[in-house]
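Structure first, then comments.
Here is the naming used below: chain letters follow the sequence lines, and residue numbers restart at 1 for every chain. Basis for what follows: all heavy atoms, side chains included, without hydrogens, waters or symmetry-related copies.
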Amino acid sequence: MYDDLSALGLRESATFDRATIHGIQRAATTGVYDIRGWGAKRRLPHFDDLLFLGASMSRYPLEGYRERCGTDVILGTRNARYPLHLDIPVTIAGMSFGSLSANAKEALGRGATTAGTSTTTGDGGMTPEERGQSKTLVYQYLPSRYGMNPDDLRKADAIEVVLGQGAKPGGGGMLLGQKITDRVAGMRTLPVGVDQRSACRHPDWTGPDDLTIKILELREITDWEKPVYVKIGATRTYYDVKLAVHAGADVVVVDGMQGGTAATQEVFIEHVGIPTLAAIPQAVQALQELGVHRQVQLIVSGGIRTGADVAKAIALGADAVAIGTAALIALGDNHPRHDAEYRALGSAAGYFDDFQDGRDPAGISTQDEVLAARLDPVEGGRRLANYLRVLTMEAQTIARACGKAHLHHLEPEDLVALTLESAAMARVPLAGTDWIPGAHP
Amino acid sequence: MEALTGTPPEATVPATVVDLGSSSVRDLNQALHAPDAALRATHWRVLNPRGAHSVACGLTEDLSVDIEGHVGYYCAGMNQRATVAVHGNAGVGVAENMMSGTVRVRGNASQSAGATAHGGLIVVEGDAAARCGISMKGVDIVVGGSVGHMSAFMGQAGRLVVCGDAGDGLGDSLYEARLYVKGTVKSLGADCVEKPVREEHLAELAELLKAAEIDEDPAAFRRYGSARGLYHFQVDNAGAY
Ligand SMILES: Cc1cc2nc3c(=O)[nH]c(=O)nc-3n(C[C@H](O)[C@H](O)[C@H](O)COP(=O)(O)O)c2cc1C
């Protein structure tokens, strides 16, 4: 169709492209801003803009299936009596029960446990399905405190204090009324069917000095057993990571602007925060300057899709990564078999991002019992475990090619950049040069 | 920990005394959390808190803890079942996210008293500062004096009784928490309205005041609650968001 139109000499505006025109028309019709799930859809400097320098003459590689390449990671070594020891450095990010169905949460727990990694609760509290199926479960401590319960806190293996998400740094949460069923409402102490707003600030502390005291309280309540993470959306990452470390974080989670969300204003998703690629070197620099790189662990999320992304994040200095959107896709989100149903909702397989809407044909971002029953948690867990294994094997493939006996031996020196932007952000040289734009010699 | 024994002359039940002048908050909380209930005293006295944070937080048993002095942040945080009395003032977030039990502050409480608490009773005999009962989820809070601005912000459930005055923005973005104020309300927050006081409300107030051991006439209070106008996003309400 596009070709037909260009044959007529018609030209689409780069400034007012078709999606932009549609957005203006939609706003004029409804008078409400667009709310959706998923993460930023615009093109951003990302891991694709980096390449590894494999071994050759000056470095020698490890034998593919013969020589060991370790993948494990220990999180929370700084203060906790029981740090987490995971087999792989890919964790499942916090996604709330409420935004996701109970079956989806259970499937995430099953997949993570099979693959030897952790999963995370979300806004709305801990479900028995998820605790039961997750060997290692991180409990999120969020501004809304929906479903926040000290018994669950004590049942968790680690605590994640959430300051923000990459999709919406500075924003609160939102769960539209159609997803507030009896069970979700009960867990959150809300009337059934109302639009639920989650606060953007914690109700009993503000600023890094208060956070220090809050983290101490969480440790006191749980008798210093559990690692305490602090999760931030990537913005002023260098300063935020320093402040999180000062406040006592054992693990810092940095979520870049590509990070997924269950429901956020489109304008927020696309225009607030910095790309994951830009955030990692800032976070690593902050940790290094404080002398705690690898002692306070860094988990990076926002747009992790492949083992190459995992390897690149680790080479830039992360200890582990977290995945949200990719885990949902592994469960069956956006699968072509639902295409007709996606189209009936005004979307299409590969484009579906209406996680806020509750009518997900894949049965993942819904509370509708009929739809939710479409996702078999055992089968979903198997698919997720498969995917996690592939991510790990891909990352190992790259690490061995770079001559590394553990994923954590990857380093910035193994990387080059394809574009000026990515070279400047990732602080690695432009391929074929020794030039790192912005670096002070 | 030293000073783990000793009976104060004024106490009726022999109390275990912990002096925070010589023991740490960690020692105190560890002892209060000890899993073996039989080994645990049911009445505790904490001396010299001197504004320490997280005193007696995360309790799960039916203990009674008297804290003789001022405490810092998060005293009795996430309390379950225990009865905690602060014979002094309390810092930010006293009894935050409490689930059950009773927490009484004889003096004044700082910001965010009873934040997000799900159950139990909090009594502040003096004044409570801003955001008292913020995001409350079922707790009952009775304040003998006045409360600061944005109290009961986003309050979801439970009851807040204020015997003095309320500051600006009372009950902003309120869900289903019920608010009673005897004195003046400087201003109501978005979607919070005055509602008629009926028999059942007088009865509920009388019960709360009695539980709090505060002598006030229920008939002197006015009631405030959610107009429920912001429960569903509507563009016509944009000015209120
Ligand atoms: C459906 C969905 C629900 C989410 N819910 C939460 C949440 O409750 N708390 C939170 O901190 N982050 C939440 N997130 C963000 C993820 O934890 C994570 O930061 C993000 O998904 C990582 O980026 P990725 O999706 O590109 O992997 C959610 C993301 C999605 C897709």
With only heavy atoms counted, which part of A:Leu218 is less than 4.5 Å from chain B, the side chain, the backbone, both or neither?
side chain

Can you tell me which portion of A:Pro150 sits under 4.5 Å from chain B's heavy atoms? Options are side chain, backbone, both or neither.
both

Is a side-chain donor or acceptor of A:Glu217 paired with a backbone partner of B:Ser54 at a separation under 3.5 angstrom?
no

Taking only residues two or more places apart in sequence or in another chain, which ones pass side-chain contact (heavy atoms from CB on, under 4.5 Å) with A:Thr261?
A:Gln165, A:Ala167, A:Lys168, A:Thr264, A:Ile269

Rounded to the nearest 0.5 Å, how far apart are CG of A:Asp204 and OH of B:Tyr73?
10.0 Å

When the 4.5 angstrom heavy-atom criterion is applied to B:Met78 and chain A, the contacting part is both

Partners meeting ring pair (Phe, Tyr, Trp, His ring centres under 6.0 Å) with A:Tyr229 (sequence neighbours left out)
none

Quick check against the 3.5 Å criterion: does B:Asn29 have a side-chain atom that pairs as donor or acceptor with the backbone of A:Ile221?
no

Relative to chain B, which segment of A:Leu153 carries a heavy atom at a distance below 4.5 Å: side chain, backbone, both, or neither?
side chain

Atom group of A:Thr222 that falls short of 4.5 Å from chain B, counting heavy atoms:
neither

Are any side-chain N or O atoms of B:Tyr175 and backbone N or O atoms of A:Val194, one a donor and one an acceptor, separated by less than 3.5 Å?
no

For chain B, which residues from residues 136-143 of chain A lie under 4.5 Å away (heavy-atom distances)?
A:Tyr141

Polar side-chain atom of B:Glu96 near backbone of A:Pro203 as donor-acceptor pair, under 3.5 Å
no

Counting only heavy atoms closer than 4.5 Å, note whether B:Glu176 contacts chain A via side chain, backbone, both or neither.
side chain

Tell me, please, which residues at least two apart from A:Phe268 pass ring pair (Phe, Tyr, Trp, His ring centres under 6.0 Å).
none

Is A:Tyr146 close to chain B through its backbone or its side chain, or both, or neither, when contacts mean heavy atoms under 4.5 Å?
both

If you draw the axis of the six-membered ring of B:Tyr74, does the NZ or CZ of A:Lys214 fall within 45° of it and under 6.0 Å from the ring centre?
yes

How many angstroms lie between CZ in A:Arg201 and CD1 in B:Ile134, if you round to the nearest 0.5 Å?
7.5 Å

Here the gap from A:Asn149 atom CG to B:Gln80 atom CD, rounded to the nearest 0.5 Å, amounts to 6.5 Å

